[in-house]
Each structure stands twice: as C-alpha cells, then as structure tokens.
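Some notes on the structure that comes next.
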Amino acid sequence: ENVEFVPVHHHDSRPASLDGKPAPETFCSESAKIRLPLTSAVGRVADSGQEDLITDWDAFYRGTLAKTYGMKSVACVPYLEGVIEIGSRTDKWTAIPDAAKAVMG
C-alpha cells in the first residue's frame, strides 16, 4: 500500500513580504510541497494515533530541510483524521508543548 500524506493547510509565523517581493521560503512553506510516506513522523503519528517529538534530524524524513531552516524541534500530534505538526526555530523541546497537546483534547 502506497500511502502518502500531503498538507491541507499550513501557517507560517513569518509575515509575507509587504514590498511585492516573494515571501522568503521557510521550513513550513518548503514542507508543504513534500508528499510524506507512512514511514515519516507524520505517517507514523497518523497510523498509531500517538504523538511524536522530533529533535534528531538524522532520523527525520525532512531532516536536511529542518537543518537548512534552523529548526530545533518538531512535534506531531494526531488530530481528527490527520496530524498537526508544530515546530520551533528557537527552542529544543524536551516534551510535547502544551499548545500542541491541547489540540488532542
């Protein structure tokens, strides 16, 4: 079975360019272009229903992208029929943030 996951929405905390130039690319905007397999963190969380915290980019499907954009942490939490992914460029989390857990209900 060839299951792939694609984003249905993404939000980036960096504001869009106001001067008419294209907004700078970010981990979020670049990730939105990638189809993720079941073996990715998003796929595993969707399949298992268990949250996942990623800070080791060597084992992360988009590890090179995370390193390129200076990501410190990514949390994936199951939500309804999908997964919400939240990341930080400033903090290396040791646990899933409360904001991410709140979506799980």
Which atom pair, heavy atoms only, marks the closest approach of [X] to [Y]?
{"X": "Thr55", "Y": "Lys92", "answer": "CB-CE, 3.5 Å"}
{"X": "Ser40", "Y": "Tyr61", "answer": "CB-CB, 3.9 Å"}
{"X": "Val83", "Y": "Val42", "answer": "CG2-O, 3.5 Å"}
{"X": "Ala75", "Y": "Pro97", "answer": "CB-CD, 4.1 Å"}
{"X": "Ser73", "Y": "Asp91", "answer": "OG-O, 2.9 Å"}

Partner residues of Lys33 under the salt bridge (charged side-chain N to carboxylate O under 4.0 Å, His left out) criterion, sequence neighbours left out: Glu25, Glu30

Could you tell me whether a side-chain N or O of Arg35 sits under 3.5 Å from a main-chain N or O of Glu4, the two making a donor and an acceptor? no

For Trp93, ring-ring contact (aromatic ring centres under 6.0 Å, His included) partners two or more places apart: none

Using the test ring-ring contact (aromatic ring centres under 6.0 Å, His included), find all partners of Phe60 that sit at least two apart in sequence or belong to another chain. Trp57

About how many Å separate CD1 of Ile86 and CG of Leu53, when rounded to the nearest 0.5 Å? 11.0 Å

Decide yes or no for [X] and [Y]: does some side-chain heavy atom of the first lie under 4.5 Å from some side-chain heavy atom of the second?
{"X": "Val77", "Y": "Asp52", "result": "no"}
{"X": "Val74", "Y": "Glu85", "result": "yes"}
{"X": "Arg62", "Y": "Leu36", "result": "yes"}
{"X": "Cys76", "Y": "Ile54", "result": "yes"}
{"X": "Leu65", "Y": "Ser31", "result": "yes"}

Got a salt bridge between Asp58 and Lys67, using NZ or NE/NH1/NH2 to carboxylate O under 4.0 Å? yes

So Phe5 and Leu38, side-chain contact (heavy atoms from CB on, under 4.5 Å) or not? Walk me through it. CA-CA 7 Å; Phe5 297 87; Leu38 189 58; 3.9 Å; yes

